[in-house]
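Structure first, then comments.
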Amino acid sequence: MGRGRVELKRIENKINRQVTFAKRRNGLLKKAYELSVLCDAEVALIIFSNRGKHYEFCSGQSMPKTLERYQKCSYGGPDTALQNKENELVASSRNEYLKLKARVENLQRTQRNLLGEDLGTLGIKELEQLEKQLDSSLRHIRSTRTQHMLDQLTDLQRKEQMLCEANKCLRRKLEESSQQVHGHHMWEQQHGVNLLLGYDQRQSPQQPQHHAGNGFFHPLGAAAEPTLQIGYTQEQLSNSCVTSFMQTWLP
């Protein structure tokens, strides 16, 4: 009759638990030894009891060397981790460099194709696509050039309008200034003529009305010499307006 299946759970009986621990521990150590001998493997086994006592088995030279080998393989030391990180960065940088290099080569090849070079390696579809791309670029260039020309024309028209307005303003100011100068000259000419006429009238010798009632002063002729007359003349004495004779006051 076979052994029944044992339920895996903590053994509550302390004695039974210690007996089971000792039996299974020895069996586990035996299995580790057999595995190392049969398969030529390096086996290390560490067991700690509930009381803190440890049991170990190592098929290698020593347990520390086996553990060091285990740490290098599983976790790696600080230097190994840093070296791995650097290697990853180098590999990533190299991949990025290769991608950029391939992209640059592709762009250079496309540029040569746009310039009409290295077209022998292109197929019919690629040539048609290149032709469409050139037509689109040419239309865009012409449209941009036309727009620039229209902008320049609009700017020139605006400047022309501003210059015309400035020219009209300057012409209007010039006409106003010319009219003012002309009016000033006319006024000066008229005023000068009036002054000359008045001066001529004052300097004219034919003014009898001014000396008609004055019998003391008589106008002198142009050719007569200047003389001094004191007293009345004979004609003045014979005049009815003189009633008495004035004696001379000469000494």
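We're numbering straight along the sequence, starting at 1. Being a predicted model, the structure only gives us computed values, none of them experimental.
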Task: side chain to side chain contact (heavy atoms under 4.5 Å, CB included) involving K14 - partner list, sequence neighbours excluded - done: R17, Q18, R51
Task: Residues forming a salt bridge (charged side-chain N to carboxylate O under 4.0 Å, His left out) with R112, sequence neighbours excluded - done: D118
TODO: Please list, chain by chain and in numerical order, all residues satisfying salt bridge (charged side-chain N to carboxylate O under 4.0 Å, His left out) with R10, sequence neighbours excluded.
DONE: E12
What donor-acceptor contacts under 3.5 angstrom involve side-chain atoms of residues 87-102, with partners at least two apart or in another chain?
from : atom 1 : to  : atom 2 : distance (Å)
N87  : OD1    : Q83 : NE2    : 3.4
N87  : ND2    : Q83 : O      : 3.0
S93  : OG     : L89 : O      : 2.9
N95  : ND2    : A91 : O      : 3.1

TODO: With sequence neighbours left out, write down each residue that passes salt bridge (charged side-chain N to carboxylate O under 4.0 Å, His left out) with R69, or none if nothing qualifies.
DONE: E42
- [ ] Using the salt bridge (charged side-chain N to carboxylate O under 4.0 Å, His left out) rule, collect all pairs that involve residues 166-175, keeping only residues at least two apart or in two chains.
- [x] none
- [ ] Give the minimum heavy-atom separation between L45 and M63, together with the two atoms involved.
- [x] O-CE, 4.0 Å
- [ ] Report the residues that fulfil salt bridge (charged side-chain N to carboxylate O under 4.0 Å, His left out) with E56, sequence neighbours left out, ordered by chain and then residue number.
- [x] none
Open item on the list: Is there a path of hydrophobic side-chain contacts, each under 4.5 Å between heavy atoms, that joins L28 and V37?
Closed with: yes
Task: Summary of side chain to side chain donor-acceptor pair (under 3.5 Å) pairs that have at least one residue in residues 25-39, sequence neighbours excluded - done: R25-Y55
Task: Donor-acceptor pair between R103 and N106 side chains, under 3.5 angstrom - done: no
Task: Cluster check V43, Y70: I/L/V/M/F/W/Y, side chain < 4.5 angstrom - done: no
TODO: Keeping to residues at least two apart or across chains, list the side chain to side chain donor-acceptor pair (under 3.5 Å) pairs with something in residues 121-138.
DONE: none
Open item on the list: Restricting to non-hydrogen atoms, name the atom on L130 and the atom on N113 that form the minimum distance, rounded to 0.1 Å.
Closed with: CD2-O, 3.5 Å
Residues 155-166, side-chain donor-acceptor partners within the protein, below 3.5 Å, at least two apart:
from : atom 1 : to   : atom 2 : distance (Å)
D155 : OD1    : R158 : NH2    : 2.6

Task: Residues forming a side-chain hydrogen bond (donor to acceptor under 3.5 Å, both in side chains) with N13, sequence neighbours excluded - done: none
TODO: Can you sort out the partners of Q179 under side-chain hydrogen bond (donor to acceptor under 3.5 Å, both in side chains), two or more places apart, ordered by chain and number?
DONE: none
